[in-house]
Amino acid sequence: MDTKAVIELERKYILQTYVRPELVLEKGDGVYLFDTDGNRYLDFVSGLSVNALGYNVGMVQEAMTAQAGRLIHVSNLYHTVPAPQLAEMLCERSFADRAFFCNSGTESWEAALKFARKWAYKTFPEKPKYKFVAMKNSFHGRTYGSVSSTGQPKYHKGFEPILPGISFADFNDLESVEKLVDAETAAVILEPLQAEGGIHLAQPDFLRGLRQLCDEMKMLLVFDEIQSGLGRTGALFCYQHYDVEPDMMTLAKALAGGLPIGATLMRQAVADAVEPGDHAATFGAHPVSCAVAIEVFKQLSDPAFIAGVKAKGEYLYARLGEVRDRHPEVVAEIRGKGLIAGAVLKDVAAGDVVGAFRERGMLVCMAGPDVVRFLPPLVIGKGHIDEVVAALDEILNGS
């Protein structure tokens, strides 16, 4: 089908929950995507951090094909091979003792919310804790619990009332958190790097203070690393930059190289509170997704690979910093870490800049109305970074 026919069919039969540009992506190779009209795009979105290894990856295809030839799906009433192997790898490389598998980031966050409340119910039976303190400007997904704990009112509008027992503190303001927690607070929940909220990094003292506060008040500390985890920031997990470990953490996006998967990692104390029948996911621990994730995680967790991401991230920030210095009247700030960066604009709509990039055969995205987000595959080269930075310079020059 040609581009127009696909778009017309989509508009006729698919619920319109997205605003999409007038193009249809058909295939990908390496760090490039191609549309049905044959146009090539240098990808600095990477499926919103999903396609960390790029496109048409032989290792992903081989693992997928091999597992599909053995077993595509079976109920979680039965054991399968790949899931426990993947769980072992994730736990051995993190703080965690146990893993729960589901299908997406928002599902992994829903699981974390349930597990936190079940832990509190079992640990404090006489007067159970049930409240959560989340962060303003956060984003945790689109399902009901996830959107209820997202600290952006625009996502609540039309879906109120949101779940009770959730209050919102100021990110990077420990005193703000301290004012909200009480004897009924089960957990403090947050992203160590707010991605959709504009690329805001947690400050070290803030995370250390949260860990101490949670320990003192017998609360869980829960991290959402759905977008920032798995090598994206130049460490395997973002929390490792801070030497602060959570009690639970959610992952998804990059874990299976483009196949749907989500994971909730937890300490044994949390796992001990969860009993058979408390939670489930029909397609969770999907054999094909888990088999691919095993191979993807091997690469994402390789120290040499992570060192490469860190070096490229430093190069990206240096180059974007040069643009900021040349255009101080337009670029207010460069934020982020590793290969997730945000250029904060003044008096220029980020959407207009995104469109200008697309006209030049490059895909970037937004992180709020004034932030252009750069989120390339982790296998991007410095030459590709130079191309995108040169294009940004050209766009801001009005060329």
Side-chain angles (χ1 to χ4, degrees), residues 3 7 10-11 16-25 33 35 37 39-50 135-142 147 150-158 171 191 193-201 227-228 232 313 316-337 339-377 380 384-399:
T3 300
I7 292 174
E10 188 264 356
R11 286 176 176 165
Q16 298 296 288
T17 57
Y18 292 92
V19 178
R20 298 185 174 105
E22 298 287 308
L23 61 91
V24 177
L25 296 176
L33 287 164
D35 68 20
D37 293 325
N39 299 307
R40 188 184 78 168
Y41 302 90
L42 176 58
D43 179 27
F44 264 61
V45 180
S46 64
L48 288 175
S49 201
V50 170
M135 299 297 137
K136 295 176 183 177
N137 205 46
S138 59
F139 183 85
H140 298 294
R142 301 285 189 163
V147 81
T150 287
Q152 299 186 57
K154 65 181 180 181
Y155 294 114
H156 302 162
K157 188 176 181 180
F171 190 61
E191 305 152 280
L193 189 160
Q194 291 186 334
E196 301 296 328
I199 320 298
H200 296 279
L201 270 168
Q227 187 163 148
S228 64
R232 175 60 58 181
L316 173 62
Y317 283 94
R319 295 303 320 279
L320 289 174
E322 294 170 5
V323 176
R324 176 201 59 211
D325 294 342
R326 285 193 294 271
H327 301 277
E329 75 288 353
V330 181
V331 183
E333 184 183 359
I334 303 298
R335 296 197 291 242
K337 197 172 188 63
L339 288 176
I340 175 170
V344 185
L345 306 179
K346 298 184 287 186
D347 302 320
V348 176
D352 293 341
V353 175
V354 170
F357 266 109
R358 192 165 57 247
E359 291 173 0
R360 290 163 172 78
M362 300 176 186
L363 300 179
V364 299
C365 57
M366 298 165 54
D370 63 344
V371 180
V372 177
R373 178 169 31 170
F374 302 91
L375 201 63
I380 207 79
H384 301 120
I385 292 173
D386 290 337
E387 290 181 49
V388 165
V389 170
L392 178 60
D393 214 1
E394 182 181 280
I395 292 166
L396 296 180
N397 279 327
S399 302

Closest heavy-atom contact between [X] and [Y]?
X: Ile380; Y: Asp43; result: CD1-O, 4.3 Å
X: Phe357; Y: Ala391; result: CE2-CB, 3.7 Å
X: Arg335; Y: Gly198; result: NH2-O, 2.9 Å
X: Phe374; Y: Leu392; result: CZ-CD2, 4.1 Å
X: Ser138; Y: Met135; result: OG-O, 2.6 Å
X: Leu48; Y: Cys365; result: CD2-SG, 4.0 Å

Rounded distance (nearest 0.5 Å) linking atom CG of Leu193 with atom CG of Leu201:
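Leu193 CG to Leu201 CG: 4.5 Å, rounded to 0.5 Å.
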Stepwise, does the side-chain contact (heavy atoms from CB on, under 4.5 Å) test hold for Tyr41 with Met362?
CA-CA 5 Å; Tyr41 302 90; Met362 300 176 186; over 6 Å; no
Between Tyr155 and Phe139, is the ring centre distance below 6.0 Å?
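Centroid distance Tyr155-Phe139: below 6.0 Å, so yes.
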Considering residues at least two apart in sequence or located in another chain, which fulfil the salt bridge (Lys or Arg N to Asp or Glu O under 4.0 Å) criterion with Glu22?
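Arg11.
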Non-hydrogen side-chain atoms of [X] and [Y] separated by less than 4.5 Å:
X: Tyr317; Y: Ile334; value: yes
X: Arg326; Y: Asp393; value: yes
X: Asn397; Y: His327; value: yes

Exam field: side chain [X] to backbone [Y], donor-acceptor pair closer than 3.5 Å:
X: Thr150; Y: His140; value: yes
X: His384; Y: Leu42; value: no
X: Arg324; Y: Leu320; value: no
X: Asn137; Y: Gly197; value: yes
X: Arg358; Y: Leu363; value: no

Stepwise side-chain contact (heavy atoms from CB on, under 4.5 Å) check, Ser46 with Arg232:
CA-CA 11 Å; Ser46 64; Arg232 175 60 58 181; 3.4 Å; yes
With Asp37 via side-chain contact (heavy atoms from CB on, under 4.5 Å) - residues at least two apart
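If we apply the side-chain contact (heavy atoms from CB on, under 4.5 Å) test to Asp37, skipping adjacent residues, the hits are Thr3, Asp35, Asn39.
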side-chain contact (heavy atoms from CB on, under 4.5 Å) between Arg373 and Val364, intermediate numbers included
CA-CA 6 Å; Arg373 178 169 31 170; Val364 299; over 6 Å; no
For a quick test of your reading: what N or O donor-acceptor pairs under 3.5 Å do the side chains of residues 339-354 make, sequence neighbours left out?
from	atom 1	to	atom 2	distance (Å)
Lys346	NZ	Pro328	O	2.6

Between the side chains of Gln227 and Glu196, does any donor sit under 3.5 Å from an acceptor?
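Short answer, yes.
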Start with the C-alpha gap between Phe171 and His200, add the side-chain angles, then the distance that decides, and say whether side-chain contact (heavy atoms from CB on, under 4.5 Å) holds.
CA-CA 9 Å; Phe171 190 61; His200 296 279; 4.0 Å; yes
